[in-house]
Amino acid sequence: MKQVSTIAFLSILLVSSPTLPVSGGQDNRRLVLSLPAGGCTLMMFPDGSGRIHYGAAPWVVHVAAHTFDFEHALQSFLPNALPWRARGQSDIELAGVTFPGTNETSLTEDTVLVRSLLEQGWEARLPPETEPDEGKAHARIKGACDFK
C-alpha cells in the first residue's frame, strides 16, 4: 500500500509542479516512466528534454532538450501498456508508465527500454546550476537509480 501512496503522491506532484512548461498546447504533454514503478523516474517532454528523480524525493536532475525522441518513445509504450491492477500478476519486474493527458499509471514489461531511456537521460543531464545543493541531488539520484 505504501508504494501506491507514493505513486499517488508523485502523480499529484507531477501535475501540480510549478516548473512544468506552461506555454502552448503540446508543451504540457509529458511521458513519465519509472523503474521499478514509482522508483527511478524519467519525465520526458515533447522537446526531447526531461527530468529524472527518484520516487517522491525532492531531488531533480534536468536533461537537455533533444535528448529523446518523444513521439517514438510514446508509440513504443502505447500498444503494450498493462493496467495498474496487473502489477501482482507477473513474475517479471514491471515499469510504470504515465501517458500524456492522464494521471493514471499503467505498467509495461519493457523494462529494458525504460532503463535505456533513463540511462540516456543520465548521460545527457545538465550540470547542476547551483552548488552544493544540486550537486548533492545529482549524487543522490545517481545512487538511488544505480547510474554509473
Side-chain angles (χ1 to χ4, degrees), residues 1-126 128 134 137-148:
M1 188 65 176
K2 183 178 180 182
Q3 187 177 26
V4 173
S5 297
T6 300
I7 291 172
F9 173 77
L10 179 60
S11 295
I12 292 167
L13 180 68
L14 295 176
V15 171
S16 63
S17 173
T19 58
L20 283 176
V22 292
S23 63
Q26 283 204 345
D27 289 343
N28 290 323
R29 295 179 57 203
R30 69 196 181 337
L31 176 66
V32 182
L33 306 168
S34 59
L35 184 66
C40 189
T41 302
L42 169 65
M43 183 185 299
M44 187 185 307
F45 299 100
D47 69 353
S49 67
R51 281 190 249 151
I52 300 173
H53 55 91
Y54 190 85
W59 321 308
V60 177
V61 170
H62 295 274
V63 179
H66 310 293
T67 297
F68 305 106
D69 182 337
F70 179 85
E71 289 300 325
H72 183 264
L74 180 60
Q75 296 307 315
S76 296
F77 291 106
L78 274 172
N80 301 312
L82 303 168
W84 182 253
R85 66 181 176 277
R87 69 189 175 284
Q89 301 169 0
S90 177
D91 293 337
I92 64 169
E93 180 180 41
L94 298 172
V97 58
T98 305
F99 295 105
T102 180
N103 290 324
E104 184 177 319
T105 300
S106 298
L107 298 170
T108 180
E109 293 179 341
D110 199 347
T111 58
V112 172
L113 179 55
V114 173
R115 183 64 191 183
S116 173
L117 290 167
L118 280 161
E119 290 177 359
Q120 181 181 349
W122 181 252
E123 291 299 317
R125 69 191 178 277
L126 297 171
E134 283 191 41
H138 279 230
R140 289 180 177 141
I141 290 172
K142 179 180 181 182
C145 295
D146 196 30
F147 292 129
K148 308 232 181 310

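Computed from a predicted model, the values in this text were never measured in an experiment. In what follows, residues are counted from 1 in the order of the sequence shown. Side chains included, hydrogens not; waters and symmetry mates left out as well; all remaining heavy atoms used.
- For the atom pair L126 CG and H138 NE2, the distance stands at 8.0 Å (nearest 0.5 Å).
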Please test V97 against L31 for side chain to side chain contact (heavy atoms under 4.5 Å, CB included), starting from the C-alpha separation and ending with a verdict.
-> CA-CA 7 Å; V97 58; L31 176 66; 3.8 Å; yes
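- Closest of all the heavy-atom pairs between S34 and G39 is CB-N, 4.1 Å.
- Tested against R51, the residues V60, V32, V63 include a single side-chain contact (heavy atoms from CB on, under 4.5 Å) partner, V60.
- To the nearest 0.5 Å, atoms CZ (R140) and OH (Y54) are separated by 14.5 Å.
- The minimum heavy-atom distance between L107 and G96, with the atom names listed, is CD2-CA, 4.3 Å.
- In this structure, P100 and F45 have side chains that are not in contact, with every pair of non-hydrogen atoms separated by 4.5 Å or more.
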Yes or no on side chain to side chain contact (heavy atoms under 4.5 Å, CB included) for H53 and V61, after CA distance, side-chain angles and deciding distance?
-> CA-CA 6 Å; H53 55 91; V61 170; over 6 Å; no
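- Under a 4.0 Å N-O distance rule, the pair R29/E71 qualifies as a salt bridge.
- In this structure, CG in L94 is found 8.0 Å from OG1 in T111, a value given to the nearest 0.5 Å.
- In terms of heavy atoms, A73 sits closest to L117 at CB-CD1, 4.4 Å.
- Note: L118 CG to L33 CG = 7.0 Å, rounded to the nearest 0.5 Å.
- Between the R125 side chain and the W122 main chain, a donor and an acceptor come within less than 3.5 Å of each other.
- Side chain of T102 to backbone of F99: no donor-acceptor contact under 3.5 angstrom is found.
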List the steps, then state whether side chain to side chain contact (heavy atoms under 4.5 Å, CB included) holds for M43 with I52.
-> CA-CA 6 Å; M43 183 185 299; I52 300 173; over 6 Å; no
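- By the 4.5 Å heavy-atom criterion applied to side chains, L113 and S76 are counted as neighbours.
- Remark: side-chain polar atoms of S49 are not paired, donor with acceptor, to backbone N or O of D47 under 3.5 angstrom.
- Put simply, the side chain of L82 does not reach to within 4.5 Å of the side chain of T108, judged on heavy atoms.
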Under the side chain to side chain contact (heavy atoms under 4.5 Å, CB included) criterion, do E109 and N80 qualify, and how do the steps go?
-> CA-CA 8 Å; E109 293 179 341; N80 301 312; over 6 Å; no
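- Between the NZ atom of K142 and the SG atom of C40 there is a distance of 13.0 Å, given to the nearest 0.5 Å.
- Taking CG from D146 and CD from E119, the interatomic distance works out to 8.5 Å, rounded to the nearest 0.5 Å.
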